[in-house]
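This report refers to the structure that appears directly beneath it.
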Amino acid sequence: MLIRETELFASASSPDRFPRDGAPQIAFMGRSNVGKSSLINRLLGTRGLARTSKTPGRTRAVHFFRVNRRVHFVDLPGYGYARVPRPMRQEWKGLVEAYLEGDPGPDLSILLVDARHPPTDLDQELWDWLAAAGRPARIVLTKIDKLSRGRWAAVTRAAAAAFRPEPAPPIPVSAVTGDGIPALWRILDPACERGRSAPPGTEPLVTPHPQGEGHHRERQRHRA
Ligand code: GDP
């Protein structure tokens, strides 16, 4: 998708604030520090839209970044940070489940796993849940630049084998070098176009950029 405009459309700390505007939604989830903000920024060609290295344990919210006024990239709060107190973990669970189970919920879920580490129990739990709910989902391996290129194929196979049910091949990416970003866009593009009719006043989707990367003219409007 050629990125023309991105904006923080909503930051919802309770389910009643999730947007229900009929726009397709692509959700990004994974443990804290997995590289989620960096990846969203890389995909959208933005720098500060999704904030990187936030202090763990701060108030959690589901952020909806609207792209070209017609698709939401949904940034779910990270999980698995040891120092987060139990009540906050419950809060996380409540919010994330409400989003994933809600109507409309995500058209496509992207579960991020650090390429250098095996998936955690929480990653598997989330994957189980997505599979049981019949939600379309893919696994993305982040920070692949930290591994030598010769290991990418084996690491990708091992990651797939670590999940039950076994996923479609994970996509290795690097937010630093841009490796894998065009491949990921090939997964995201159909989800951006799928199904629902675009809300009134939205722009039609334009043809993919030849390199598949997000090119943007950033206009951030904060509405939350
Ligand atoms: P989040 O908590 O999942 O949003 O993770 P961030 O995007 O804040 O990234 C966590 C840390 O990993 C930061 O120090 C990033 O600079 C680093 N990081 C993120 N993506 C990559 C990547 O693709 N390659 C490398 N080498 N570092 C990355």
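For ligands, and for the atoms within them, numbers begin at 1 and follow the listed sequence. The chain is numbered in sequence order, starting from 1.
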Return a yes/no value for Ala175: is any of its N or O atoms, backbone included, closer than 3.5 angstrom to an N or O of ligand 1? yes
Provide the number and element of each atom of ligand 1 under 4.0 Å from a heavy atom of Ser174. 23 (O)
Salt bridge or not for Asp103 and Arg20, using N-O below 4.0 Å? no
Taking only non-hydrogen atoms of Ser38 and a 4.0 Å limit, the atoms of ligand 1 in range are 6 (P), 7 (O), 9 (O), 15 (C), 19 (C), 20 (N)
Answer yes if the ring centres of Phe9 and His72 are under 6.0 angstrom apart, and no otherwise. yes
Shortest reach to atom 3 (O) of ligand 1 by a heavy atom, considering only Lys146, Arg42, Lys143, Lys36: Lys36
Please work out whether the ring planes of Phe64 and Tyr99 are parallel, tilted or perpendicular, with thresholds of 30° and 60°. perpendicular
Look only at the side chain of Arg164 and the backbone of Ala161, and say whether a donor-acceptor pair between them is shorter than 3.5 Å. yes
What do you reckon, does Gly78 put a non-hydrogen atom under 4.0 Å from ligand 1? no
Between Asp145 and Ser174, is any side-chain donor less than 3.5 angstrom from a side-chain acceptor? yes
For Ser37, the ligand 1 atoms whose distance to one of its heavy atoms is below 4.0 Å: 1 (P), 4 (O), 7 (O)
Between Val34 and ligand 1, does any nitrogen or oxygen pair lie at a separation below 3.5 Å? yes
Could you tell me whether Asp123 and Arg31 have a side-chain N and a carboxylate O separated by less than 4.0 Å? no
Measure Asp145 to ligand 1 on non-hydrogen atoms and call it side chain, backbone, both or neither using the 4.0 Å cut-off. side chain
Flag, side chain of Trp152 to backbone of Pro172, donor-acceptor distance under 3.5 Å: no
Please check whether Gly35 reaches ligand 1 - meaning an N/O of the residue sits under 3.5 Å from an N/O of the ligand, judged on distance alone. yes
